[in-house]
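So that the names make sense, note that chain A is the first sequence line, chain B the second, and so on, each numbered from 1.
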Number of protein chains: 2
Amino acid sequence: MEPHLSIDEVARRTGLTAHTLRYYERIGLIGPVGRTASGQRRYAPSNMAWIEFLLRLRTTRMPIGKMQAFAALRGAGDPTVPARRQMLEEHLAEVLTEIEAMRCAADALQAKIEYYRSCEQRLALESSIERGNEHEQRKSVPARTGQAEGD
Amino acid sequence: MEPHLSIDEVARRTGLTAHTLRYYERIGLIGPVGRTASGQRRYAPSNMAWIEFLLRLRTTRMPIGKMQAFAALRGAGDPTVPARRQMLEEHLAEVLTEIEAMRCAADALQAKIEYYRSCEQRLALESSIERGNEHEQRKSVPARTGQAEGD
DNA sequence: GATTGACTTAGAGCGCGCTCGAACTTTTAG
DNA sequence: CTAAAAGTTCGAGCGCGCTCTAAGTCAATC
């Protein structure tokens with residue numbers, strides 16, 4: 001039981017498909033991967049670590065082209081360490097910017113959800129009045145906010 | 001100077017292209033937009049507010065198909081408010097999950113950057129020793145960390 | 001009246017990131 | 001020994017989100 005995994009096992013562990021793993025290798029993102037005598041892939045722990053790193057880059061939406069550039073630098077060995085670090089630093093900066101943009105948009109969505117909640121209260125109240133049930137009133141509903149037509 | 005903007009002006013203000021604005025309208029994301037007598041689009045403030053909302057959805061990576069569904073609900077008026085709220089709540093939950101995933105991956109990238117920095121120190125030290133300059137040593141460099149082949 | 005330039009529609013095309021199909025070989029279970 | 005499962009290569013195809021082209025209309029300027 002050596003720690004060299006078949007492509008299906010790697011697929012299972014990483015969540016990628018075997019198709020995608022071959023694709024990544026084809027385009028130079030992964031490799032070289034060991035082979036059995038008959039040509040089947042066997043992934044070593046170092047391959048796994050690299051794939052996991054690629055997945056982190058993917059999570060942060062690095063485009064494949066940049067990953068290829070990074071992989072090429074990595075293949076060129078130690079002298080490219082500064083270049084690789086710089087790539088990561090630039091990418092990280094973009095990622096942090098984007099996280100902030102998403103957080104900001106998420107806040108706006110939260111506000112909208114709350115606005116909808118107030119709409120629902122008002123609508124419920126109006127329809128109950130319409131049906132003649134003028135009780136059921138718990139809190140005063142804020143009439144109608146000036147949400148600037150956002151909806 | 002009414003507050004009804006031409007498509008180019010809207011493009012300028014939103015960062016979308018005129019092409020994309022027409023595309024969004026075509027697929028039912030935007031609309032209806034007012035027209036001049038000769039058929040040119042004139043965007044009202046309510047259109048602008050909706051577009052800005054769409055852009056927030058896009059920032060949070062809602063797929064266009066979902067935006068279309070949302071737009072359709074909106075077009076159906078008040079009774080769909082609860083459904084709209086639910087869509088937003090579900091989407092927001094996904095967004096928060098994804099923000100967390102990105103933040104986590106970003107942390108890993110930061111760690112890798114720091115690892116590279118230590119590599120650079122070690123490499124600089126080694127090459128200076130190789131050249132016979134055995135001074136230049138400031139801090140003890142941690143020999144070589146066992147970064148599990150991540151690189 | 002002619003030209004310039006912003007606008008219109010319908011529909012084709014593109015870049016990205018996979019995803020799948022076809023045809024074949026190897027491994028494994030019964 | 002056989003049959004099914006899993007692997008291989010090569011190349012085509014797909015879904016998404018635009019992006020652009022072509023052909024034409026209209027408004028304003030020379």
Side-chain angles (χ1 to χ4, degrees), chain A residues 1-2 4-44 47 51 53-71 91 94 98 101-102 105, chain B residues 1-2 4-44 47 51 53-71 91 94 98 101-102 105:
Chain A
M1 253 321 149
E2 292 160 23
H4 285 60
L5 308 173
S6 74
I7 197 167
D8 259 28
E9 184 58 22
V10 176
R12 210 186 51 71
R13 293 192 187 193
T14 60
L16 296 171
T17 67
H19 279 307
T20 302
L21 283 165
R22 288 190 207 102
Y23 165 68
Y24 279 0
E25 190 174 334
R26 210 159 61 196
I27 65 172
L29 276 190
I30 301 176
V33 172
R35 300 285 181 131
T36 64
S38 64
Q40 298 195 357
R41 289 171 178 80
R42 288 297 177 266
Y43 292 79
N47 294 131
I51 291 169
F53 177 65
L54 284 181
L55 287 179
R56 276 195 286 277
L57 294 183
R58 193 178 70 158
T59 294
T60 56
R61 301 211 150 64
M62 179 182 282
I64 280 185
K66 279 193 187 178
M67 293 194 213
Q68 288 174 308
F70 191 93
H91 178 60
E94 289 169 23
E98 177 153 356
M102 288 187 76
Chain B
M1 253 320 150
E2 293 160 25
H4 285 59
L5 308 173
S6 73
I7 196 167
D8 261 27
E9 183 59 21
V10 176
R12 208 185 54 69
R13 292 192 187 192
T14 61
L16 296 171
T17 67
H19 280 307
T20 301
L21 283 165
R22 288 190 207 100
Y23 165 69
Y24 280 180
E25 191 174 336
R26 208 158 64 196
I27 65 173
L29 276 190
I30 300 176
V33 172
R35 301 285 182 132
T36 65
S38 64
Q40 297 194 359
R41 291 171 178 80
R42 287 296 177 267
Y43 292 80
N47 294 132
I51 292 170
F53 178 65
L54 284 182
L55 287 179
R56 276 195 286 277
L57 293 183
R58 193 178 71 157
T59 295
T60 57
R61 300 210 149 65
M62 179 182 281
I64 280 184
K66 281 193 187 176
M67 292 193 214
Q68 288 174 309
F70 191 93
H91 178 60
E94 288 169 24
E98 177 152 356
M102 288 188 75

Output yes when at least one side-chain N/O atom of Tyr24(B) is less than 4.0 Å from OP1 or OP2 of dC18(D), else no.
yes
Side-chain touch Tyr24(A)/Arg58(A), heavy atoms, less than 4.5 angstrom:
yes
Between the side chain of Gln68(A) and the main-chain N/O of Ile27(A), is any donor-acceptor distance below 3.5 Å?
yes
With a 3.5 Å distance limit and no angle check, can you tell me whether Thr20(B) reaches the backbone of Leu16(B) through a side-chain donor-acceptor pair?
no
Take nucleotides 4-10 of chain C nucleotide by nucleotide from the 5' end and write B, S or -, depending on whether a protein heavy atom sits under 4.0 Å from the base, only from the sugar-phosphate, or from neither.
---SBB-
Please report, rounded to the nearest Å, how far the [atom2] atom of [N] is from the [atom1] atom of [X].
{"X": "Leu54(B)", "N": "dC18(D)", "atom1": "CG", "atom2": "C1'", "result": "15 Å"}
{"X": "Arg58(B)", "N": "dC16(D)", "atom1": "CZ", "atom2": "C1'", "result": "13 Å"}
{"X": "Arg61(A)", "N": "dG17(C)", "atom1": "CZ", "atom2": "P", "result": "11 Å"}
{"X": "Ile27(A)", "N": "dG17(C)", "atom1": "CD1", "atom2": "P", "result": "8 Å"}
{"X": "Leu55(A)", "N": "dG17(C)", "atom1": "CG", "atom2": "C1'", "result": "14 Å"}
{"X": "Leu21(A)", "N": "dT9(D)", "atom1": "CG", "atom2": "C1'", "result": "16 Å"}
{"X": "Tyr23(A)", "N": "dC16(C)", "atom1": "OH", "atom2": "C1'", "result": "8 Å"}

Where do [X] and [Y] come nearest, in terms of heavy atoms and distance?
{"X": "Arg41(A)", "Y": "Val33(A)", "value": "CB-CG1, 4.0 Å"}
{"X": "Ala18(A)", "Y": "Asp8(A)", "value": "CB-OD1, 4.0 Å"}
{"X": "Ile30(B)", "Y": "Leu54(B)", "value": "CG1-CD1, 3.8 Å"}

Distance check, rounded to the nearest 0.5 Å: Tyr43(B) atom OH versus Thr14(B) atom OG1?
9.0 Å
Check ion pair Glu9(B)-Arg42(B) (N to O, under 4.0 angstrom)
no
Side chain to side chain donor-acceptor pair (under 3.5 Å) filter on Arg61(A), not counting sequence neighbours, yields Glu98(B)
Give me the bend of the helix from dG1(C)-dC30(D) to dG30(C)-dC1(D), using the axes of the five pairs at each end, rounded to 10°.
10°
